[in-house]
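Proteins get letters first, then strands, A, B, ... in listed order; numbering begins at 1 in each.
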Protein chains: 2
Amino acid sequence: MVSATLTKFSDLDGQAPFNGCQENFKQPDGIGKNTGRKQRLSAHDVLFYEGDKAERLYEVLRGVMMLYKLLPDGRRQVVYILREGDMLGFSNREFFDCTAEALTEVELQVFESREISTSPMMQHYVNRCLLSQMETLHEHTVLLGRKSALERVSTFLMSLVPNRGGHGCSGPIEEGKPDTKTVALSMTRQEIADYLGLTIETVSRVISQLKRRGLIKVEKQDSIHITNICGICQLTGMH
Amino acid sequence: MVSATLTKFSDLDGQAPFNGCQENFKQPDGIGKNTGRKQRLSAHDVLFYEGDKAERLYEVLRGVMMLYKLLPDGRRQVVYILREGDMLGFSNREFFDCTAEALTEVELQVFESREISTSPMMQHYVNRCLLSQMETLHEHTVLLGRKSALERVSTFLMSLVPNRGGHGCSGPIEEGKPDTKTVALSMTRQEIADYLGLTIETVSRVISQLKRRGLIKVEKQDSIHITNICGICQLTGMH
DNA sequence: AAAGTAATTTGATCTGGAACAAACGTTTTT
DNA sequence: AAAAACGTTTGTTCCAGATCAAATTACTTT
């Protein structure tokens, strides 16, 4: 059994003791853009398109990415947001079912698919990763299927507060600690709208409403200071 | 590498050649309701609740189940429909994130979690299973976030037509073969509504509309004869 | 088969969020 | 620094789907 505390896939290489792992994973980076094992992306670069051949896995070392799907008429749904430590590039079939695009500058660790399938340890790690993503997707399904616009945006904001994302804000806050946090959205209003199943206008209106209610302050367009985390939390529909 | 054509987890036991598998999986059933390795459920029986301790995996051998989540005020979202060959009971944490309920009579194969984690072959199978569920969830995310009621119900009906569920109905149909199929919903209107993020009334109205348009015939409440599969397919928003 | 119960359909009205439109900020280009 | 381009906010109108309310149909039970 792999330790439950592992949080980085790329840390596995040094220790993977059994089977597979014919190659050494960590390599010096720098040979151009895709240096064999590391890759850099600028904001809005596409890593792969839906329908592309799936032959590599990636781990986000730095930055934020999104997975999305398009309908033929151009409607878009962002299905997942990937942050540091998250993996992407899994596929059931030969081809990707989503497009992967960078939201910010991104640094990736690159793995060939066969590197994974020959190492039980890595497979186990991938498994945990999939399970965690599945749980997030279940939560998001509830958001899209059953929550109001106010609840959606509040849930989204809470997901950006470390350690409060999932089922945070249970009960009153520790004495002395201010119930306050500045979060980076790393997404435009359009991207947030496409993630939350809303329009850009509705996202903007809800943010304005939260501002008016004194729960948040918009510092820069993509940086929000939450002045009352618990207050936002009460609006997520989960309490 | 495990053969890509495996479709049943419970078939693995006979062949699993390496490691783990200290026990023989298939056992005679019949000792009461939960016979160690098999389990039967009646329609609307709950297999496990959200928050229950997660220590077993299940494979659906017969029947249909659903996974759902509830909000504190009673709103429900069905997040996944499980059919023959599907697995459930995965969990990232110690506890289940969803409730699992039978929609019809169900027969399950039961596995202890540690049986899985000690067999790389089974882990690999579980992995494929997770990836397939992930892909379905991505599709469903698009449905919930971006599709109209008509598109949602049409997509749902198409998912019940074997081999046409995902990206079916590409181009014209083979000569001679009638573009027709009777499908069992195995769900009430309320369950369908909670799956599609709609109300019971909207689901009913869309079904009536499809009936009026001559695309389907409602044979029994939960049995629908699709008289023009291609016609329904055109309404899914994916063509 | 009749009575009772539950699920579904249909009708009428209401409303949250979409769509359209314009004004306002912010960043980039020249 | 002015102009252009882009993203965001705010205002107005509209409509798809929710909500509320019966009526109808399908199952159970007796």
Quick one: [X] [atom1] to [N] [atom2], roughly how many Å, whole number?
| X | N | atom1 | atom2 | answer |
| --- | --- | --- | --- | --- |
| A:Ile200 | C:dA23 | CD1 | C1' | 15 Å |
| A:Asp222 | C:dT27 | CG | C1' | 13 Å |
| B:Arg212 | C:dT10 | CZ | P | 7 Å |
| B:Gln209 | C:dG11 | CD | P | 14 Å |
| A:Ile207 | D:dT10 | CD1 | P | 11 Å |
| A:His44 | C:dT27 | NE2 | C1' | 13 Å |
| A:Leu150 | C:dG17 | CG | C1' | 13 Å |
| B:Lys220 | D:dA26 | NZ | P | 12 Å |

Whether [X] contacts [N] is assessed here as follows: a side-chain N or O lying under 4.0 Å from the phosphate OP1 or OP2. Is that the case?
| X | N | answer |
| --- | --- | --- |
| A:Ser208 | D:dT10 | yes |
| B:Ser204 | C:dT8 | no |
| A:Thr202 | C:dG17 | no |

Contacts of A:Glu151 that satisfy salt bridge (charged side-chain N to carboxylate O under 4.0 Å, His left out) - sequence neighbours left out: B:Arg75
Can you tell if the side chain of A:Leu82 reaches within under 4.5 Å of the side chain of A:Val64, non-hydrogen atoms only? no
Within the structure provided, determine whether A:Tyr58 and A:Gln39 are in side-chain contact (heavy-atom separation under 4.5 Å). yes
Which parts of residues 182-198 of chain A get close to DNA chain C, meaning a heavy atom less than 4.0 angstrom away? A:Gly197, A:Leu198
Earlier contact from the 5' end, DNA chain D, for B:Ser148 and A:Val218: A:Val218
Is any NZ, NE, NH1 or NH2 atom of the basic residue among [X] and [Y] found under 4.0 Å from an Asp or Glu carboxylate oxygen of the other?
| X | Y | result |
| --- | --- | --- |
| A:Glu139 | B:Lys69 | yes |
| B:Arg40 | B:Glu105 | no |
| A:Glu84 | A:Arg62 | no |

Which pairs, protein N/O on one side and nucleotides 20-22 of chain D N/O on the other, fall under 3.5 Å?
| from | atom 1 | to | atom 2 | distance (Å) |
| --- | --- | --- | --- | --- |
| D:dC20 | N4 | B:Glu201 | OE2 | 3.1 |

Measure up the A:Phe156 and A:Tyr195 rings against each other and bin them: parallel (under 30°), tilted (30 to 60°), perpendicular (over 60°). perpendicular
Does the ring centre of B:Tyr80 sit less than 6.0 Å away from the ring centre of B:His140? no
Within a reach of under 6.0 Å around OH of A:Tyr49, are more than 12 heavy atoms found that belong to other residues, nucleotides or ligands? no
